[in-house]
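Written out below as structure tokens is the structure these notes cover.
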Amino acid sequence: MRVGGAMGMQRAPGLPGGQDSLEPFRALMAQADARIELARACLMIARDAYPELDMAHYVGQIERFGLRLRALAAERGVEEKIIALNEFMFGELGFQANVDAYYDPRNSYLNEVIDRRTGIPISLSIVYMELGRRIGLPLEGVSFPGHFLVRLRLRGGMLVLDPFAGGAPQSEDDLRERLERVVPKGTTGGIPLELLPLEQFLEPASHRQIIARVLRNLKSIYRDADEPAQLLGVLNRILVVSPDASTELRDRGLLYRRLECWQPALADLSAYVEREPEAPDGEDIRLQLLALRAQCARMN
């Protein structure tokens, strides 16, 4: 596949998530974590797939939802606010889990989640947290193994909620059952799974970690669907969020090579072997670098 015109000239920035569309996202990610607006960041990600997306419309939609919810939850205690949030989001608005098409990329794009009222655990959790924040509930995301959840710190402990299940509270037994389904045997250092402290799996995810997880989901979807242009956009954004992620840099370099963007491929793969000189795949990458240098020399 040739991208960018004759002789493989480099125009990768014109692809989804190219450098010309990354600056607002990069500026947002440069802020302190608590100042990163999750909804705005997710809508920026969605612009790779929907270039004409009206971000102001969807930010305004969330604000309008918040205003309606505040009218319902005014002067209520914490538990009553959670009940009001669940009834509003999953009852009145009709948000629901997309169990039939879990790997549809639309489940990871916030505009589609809002329009279609359906999503996966992390995208529904983002909407849930955004609405909760607007009624004074300091909800936090939890990168629980295999299934994103939301938590709320209380004076007497912690409440864990599952927006993929309509905001249902999760008991200790529920959480341990989830762990048993996803944690491989023999990976707990000989400690029985039922004796592992749950707290280590319930640490709050930073906003950057949440955005990175959204992007990794999309990376997996587009890689499996063999959609290289969309995959490149996702990798560009992952490397803004996590610039030190060497494997993502390698994967982008290999993708650039596949797209016949020789110079960006050479830059990424060279940086990868410099960062990871002892990487298991280092010898193979060095061989590819030889071919890339020869290709770039022919272009000059």
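Note that the coordinates shown come from a computational prediction; the quantities given were computed from them, not determined experimentally. Computed over heavy atoms, backbone and side chain alike; hydrogens, waters and symmetry mates excluded.
- A pairwise comparison of heavy atoms in R76 and A84 identifies NH1-CB, 3.6 Å as the closest pair.
- Closest heavy-atom contact between E140 and P204: OE2-CB, 3.7 Å.
- When all heavy atoms of V241 and A212 are compared, the closest pair comes out as CG1-CB, 4.1 Å.
- To the nearest 0.5 Å, atoms CD1 (I82) and CG (L152) are separated by 5.0 Å.
- Smallest separation of non-hydrogen atoms from V150 and P163: CG2-CG, 3.8 Å.
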Atom pairs and distances, donor-acceptor, side-chain atoms in residues 264-272, under 3.5 Å, two or more places apart:
| from | atom 1 | to | atom 2 | distance (Å) |
| --- | --- | --- | --- | --- |
| D268 | OD1 | R252 | NH2 | 3.0 |
| D268 | OD2 | R252 | NE | 2.6 |
| D268 | OD2 | R252 | NH2 | 3.4 |
| S270 | OG | L266 | O | 2.7 |
| Y272 | OH | D281 | OD1 | 2.7 |
| Y272 | OH | D281 | OD2 | 3.4 |

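- Using a 4.0 Å cut-off between charged nitrogen and carboxylate oxygen, E52 and R47 do not count as a salt-bridge pair.
- With 3.5 Å as the limit, one finds no donor-acceptor pair spanning the side chains of N217 and S220.
- Listed here is the closest heavy atom pair of I211 and A41: CD1-CB, 3.5 Å.
- Here R216 does not pair with E248 in a salt bridge; the nearest charged N to carboxylate O distance is not below 4.0 Å.
- Once rounded to the nearest 0.5 Å, the distance linking CG of D284 with CG of L289 reads 10.0 Å.
- To the nearest 0.5 angstrom, L175 atom CG is 11.5 Å from E180 atom CD.
- With respect to E276 and R250, no salt bridge is recorded, no charged nitrogen being found less than 4.0 Å from a carboxylate O.
- At a threshold of 4.0 Å, the pair K219-D251 counts as salt-bridged, since one of the basic side-chain nitrogens sits closer than that to a carboxylate oxygen.
- Using cut-offs of 30° and 60° for the angle between ring planes, the Y109 and Y222 rings count as tilted.
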